[in-house]
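These notes concern the structure reproduced below.
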Amino acid sequence: MEGAHDLGGIGGFGSVRTDDGELAHHEPWELRAQSLASAVCRGARPWIEGLDPPTYLTTPYYGRWLLAAERASVANGIVSRATLEAWQRRIRVGESPPVVRDDRLRSRQAHAMTTPSPIASARQPFFAVGDSVRVKRIYEPNRHHRIPRYVRGVTGSIEAICGEDNIAGHDSNAVEPFYTVRFSSGDVWGERGDEAPFVIHVDLWQSYLESAVSA
Amino acid sequence: MEGAHDLGGIGGFGSVRTDDGELAHHEPWELRAQSLASAVCRGARPWIEGLDPPTYLTTPYYGRWLLAAERASVANGIVSRATLEAWQRRIRVGESPPVVRDDRLRSRQAHAMTTPSPIASARQPFFAVGDSVRVKRIYEPNRHHRIPRYVRGVTGSIEAICGEDNIAGHDSNAVEPFYTVRFSSGDVWGERGDEAPFVIHVDLWQSYLESAVSA
Amino acid sequence: MSGHDHPDDDHDQDHGHSHYELPKSRRARSEFELRTLALEAALTEKGIVSTDSIDAFIEIIEQRMGPHLGAKVVAKSWVDPEYKARLLADANAAMAELGIAGAEGDNMRVVENTPLVHNLVVCTLCSCYPWPLLGAPPIWYKSFAYRARAVAEPRAVLREWETELDPEVEVRVWDSSAEVRYLVLPERPSGSEEMSEDDLATLVSRDSMIGVAKAISPTSRN
Amino acid sequence: MSGHDHPDDDHDQDHGHSHYELPKSRRARSEFELRTLALEAALTEKGIVSTDSIDAFIEIIEQRMGPHLGAKVVAKSWVDPEYKARLLADANAAMAELGIAGAEGDNMRVVENTPLVHNLVVCTLCSCYPWPLLGAPPIWYKSFAYRARAVAEPRAVLREWETELDPEVEVRVWDSSAEVRYLVLPERPSGSEEMSEDDLATLVSRDSMIGVAKAISPTSRN
């Protein structure tokens, strides 16, 4: 998607630090919403990135998880829109969700949260550490991918071969190597008076990259 | 600014065509708001582009003109925030703005609207038609400029020398040539299956460009 | 618009009636409307604007400017090859021949559609538009969707207008990002060979001068 | 969390009391809260989730995971050069030595601050974060401002934490855009030479492991 989630380098959001510095969340529903999202789709990223830009930018963080969970639940046929709305009416008049204990579901959740599932090593990476690569330019308004706009068309170098995994944005069974690519801030943002040069690393799948001649 | 106004290539807004196809506006306040903006600042663009992204994307078109007019009026010392709020209270309880006829203001407005004020020809353009140029990459979150993100770092060719004018984003008395630059869609958006190649022209000031070797 | 022709004091307040008539029976004032009126009041008090200077702005953009002028220029260029050559070479001079000039049209460029070229005008960063030739822009032209998609998927946008182009046609998009404003000179439709200049102007829709549509076919209208 | 240790039917409904206690006297349910509870109810009915599976998610991310584990790893690497070498070479293996593992930390990489290098972690596209070592991310990490600015003006962001770097220090930003999660290994502060590993862990703030701050100086605390 080419959505509002792609925030690197966007201005107008003000300062970062807030009064609630240490807090992870404010209200008890927030982590519940995130937990529901993780239960109804294999990955929530496409569902969150698919929110239209005004909605994305005016919905708080865990609100976006909730919207993603609702949409994925309905789109994946897990609950109907009608069932959801019926429950919304019941909750609105004071009812609470049924309290259900289910050892199997609880154990599965705990297992998923605590058991490592590392990605595989890249078997045949096309690029080697040190290779000069350029990030492809794309236009994919409707398909999930993970290429931040701020590095499109920018040349960097392979800093690490991370492994191989399902590539974001393609058939979810297609496995592909991905890399950490190192960029110079000057190549990304141009010459700057306000910040000394720095380094930016972005992790990118192989098919997002093309060989570039070393500068 | 690096704001939400820079919309080229952003997805998630749905279809373009609407039921109100022929309409320019819906309500009588809308063109009044635009007229007020034109009266309080030399150019409204920086004031509109400076809206924070959530506000920009959730405020209708003429609402953005109103916000720009309000901010420019206060920032330029034309009216105080207190005066504005006092009038808001009065209007809210049913009062209408004073009806004032002023031949001088009316004539000046009519003159400004109907008299051509063409820009000057570029006296010493650095680039010539056909030159290969690359758009600079920048990061200017707080300064007005007119470099759409979708052409940053892209190489194109000078299609026309438009003239010279105050450059957007610098001292407003600094005059600089600007050009129409021609880009190939493949250089901007990459290879595409969904759209045949096409041409994009963007008008850019000279200092936004650097010489590029022809590809 | 009334009240512009009788003599006044330079800044003549008249609280007795409102020039800005609200259809109060139909709807409440929206928040934006309230704030617009408040700003108008404050700026009027300061002598920055007057009721009639605002009315003049609106009258000019709504009444004097408009697609009827763009259509006039296009129709003339269809019947007069020398005028067309002047229009493409120096649009403002050619507009001036017909008495057309004004704000947001000071630096016009007219781009010509041909059997092999189709032009489309957009402003991705705001909504720049050639007021003197087309008036105020339509709502869709100012939409986020048009500004986002016209430079990225122009043929898909054109299909919303049922404007299908042959594969060999080159689409040229013009993003009005600086001080030039663009008008598309659409192709003269077949079947219009016998029509007068005035009748031809009726075939020139606003949308065809932005580039999302072609000129209206006289045969389709019959 | 209660109710996890006594035997149950596989999916045991109990409408008699609510496990999810609302502080009703303090505030009304927000719209997001209402919709979250409705979705929870619908998914519970379908057997997709259970009250205690959601509680387990929250318990694990809030209680078991957290910056105390990141601090443990960092403190150990400060006192044990061989552990540090293993941590930098294969973070997951080194974490496993201390029994640390879990979702959103399956593919960890630890990046080391030195007198000439300062690292900063962000996720511009969402808010990816190393849960097993740091728990749930702080609100500012998920803010639009941090996601927008960390990759474009990192030193300006660091100044909000009063983290000033010498000009010769290279700032390295890590945008967690794919499947790797990053943890910063902050520099061991001067004045901490005599401290035990457990005491050292108290100097390792969450913010220092994201990279917006340095480890806490023991002298500044006295």
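Here is the naming used below: chain letters follow the sequence lines, and residue numbers restart at 1 for every chain.
- R90(A) has no carboxylate O lying under 4.0 Å from a charged side-chain N of E40(D), or vice versa, which leaves the two without a salt bridge.
- Within the 4.5 angstrom heavy-atom criterion, no atom of S107(A) approaches chain D.
- With a 4.5 angstrom heavy-atom cutoff, I48(A) does not touch chain D via any of its atoms.
- Heavy-atom distances place no part of Y141(D) under 4.5 Å from chain A, backbone and side chain included.
- Among the candidates L125(D), T124(D), L34(D), I54(D), the residue making the largest number of heavy-atom pairs closer than 4.5 Å to chain A is L125(D).
- When each of A152(D), A156(D), A103(D), G102(D) is checked for heavy-atom pairs under 4.5 Å with chain A, A152(D) comes out on top.
- Only the side chain of D165(A) comes within contact range of chain D, with at least one heavy atom under 4.5 Å from a heavy atom of that chain.
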Could you walk me through whether R29(D) and R92(A) satisfy the side-chain contact (heavy atoms from CB on, under 4.5 Å) test, starting with their C-alpha distance in whole Å, then the side-chain angles of each, then the deciding distance to 0.1 Å, before giving a yes or no?
CA-CA 9 Å; R29(D) 287 168 170 176; R92(A) 217 173 283 279; over 6 Å; no

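- At a 4.5 Å heavy-atom cutoff, the contact between V40(A) and chain D is made by side-chain atoms alone.
- Using a 4.0 Å cut-off between charged side-chain N and carboxylate O, R109(D) and E159(A) make a salt bridge.
- With a 4.5 angstrom heavy-atom cutoff, R89(A) does not touch chain D via any of its atoms.
- Using a 4.5 Å cut-off between heavy atoms, S80(A) does not touch chain D at all.
- Using a 4.0 Å cut-off between charged side-chain N and carboxylate O, R45(A) and E179(D) make a salt bridge.
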Kindly determine whether V199(A) and V171(D) satisfy side-chain contact (heavy atoms from CB on, under 4.5 Å), including the steps that lead there.
CA-CA 6 Å; V199(A) 168; V171(D) 173; over 6 Å; no

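- Heavy-atom pairs under 4.5 Å with chain A peak, among E160(D), E104(D), R64(D), at E160(D).
- With a 4.5 angstrom heavy-atom cutoff, E195(A) touches chain D only via side-chain atoms.
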Could you please spell out the steps behind the side-chain contact (heavy atoms from CB on, under 4.5 Å) verdict for D203(A) and D175(D)?
CA-CA 7 Å; D203(A) 292 345; D175(D) 186 352; over 6 Å; no

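- One distance of note links CZ of R32(A) with CG of L37(D); it measures 7.5 Å at 0.5 Å rounding.
- Both the backbone and the side chain of P154(D) come within contact range of chain A, judged by heavy atoms closer than 4.5 Å.
- If you take CE on M65(D) and CE on M113(A), they are separated by 4.5 Å, rounding to the nearest 0.5 Å.
- Looking at Y179(A), there are no atoms closer than 4.5 Å to chain D (heavy atoms on both sides), in backbone or side chain.
- Looking at S176(D), only its backbone comes within 4.5 Å of chain A, counting heavy atoms on both sides.
- Counting heavy-atom pairs closer than 4.5 Å to chain D, the top residue among T59(A), I147(A), D6(A), L57(A) is L57(A).
- Residue S73(A) touches chain D through its side chain alone, counting heavy-atom pairs closer than 4.5 Å.
- In this structure, chain D has a heavy atom under 4.5 Å from the backbone of A112(A), while its side chain stays farther away.
- Atom CD in Q109(A) sits 8.5 Å away from atom OG in S50(D) (nearest 0.5 Å).
- Neither the backbone nor the side chain of I100(D) has a heavy atom closer than 4.5 Å to any heavy atom of chain A.
- When only modelled atom types and interatomic distance are considered, E45(D) and W87(A) share a side-chain donor-acceptor pair under 3.5 Å.
- For N107(D), the part lying under 4.5 angstrom from a heavy atom of chain A is the side chain only.
- Interatomic distance, R146(A) CZ to S177(D) OG, rounded to the nearest 0.5 Å: 6.5 Å.
- Side-chain contact annotation: S143(D) with R17(A), donor-acceptor N/O pair under 3.5 Å absent.
- Rounding to the nearest 0.5 angstrom, the gap separating the CD atom in E31(D) from the CG atom in L66(A) is 9.5 Å.
- Nearest heavy atoms, V151(D) versus I200(A): O-CD1, 3.3 Å.
- With a threshold of 4.5 angstrom between heavy atoms, W161(D) approaches chain A through its backbone and through its side chain.
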Could you walk me through whether R35(D) and L67(A) pass side-chain contact (heavy atoms from CB on, under 4.5 Å), step by step?
CA-CA 9 Å; R35(D) 283 169 60 176; L67(A) 297 185; 3.0 Å; yes

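- Contact check on D194(A) versus R155(D) returns no salt bridge, with no Lys/Arg side-chain nitrogen under 4.0 Å from an Asp/Glu carboxylate oxygen.
- Of all the listed residues (P132(D), A150(D), S127(D)), the one sharing the greatest number of non-hydrogen pairs under 4.5 Å with chain A is S127(D).
- The only option from W65(A), Y62(A), Y61(A), W29(A) that meets the ring-ring contact (aromatic ring centres under 6.0 Å, His included) definition with F32(D) turns out to be W29(A).
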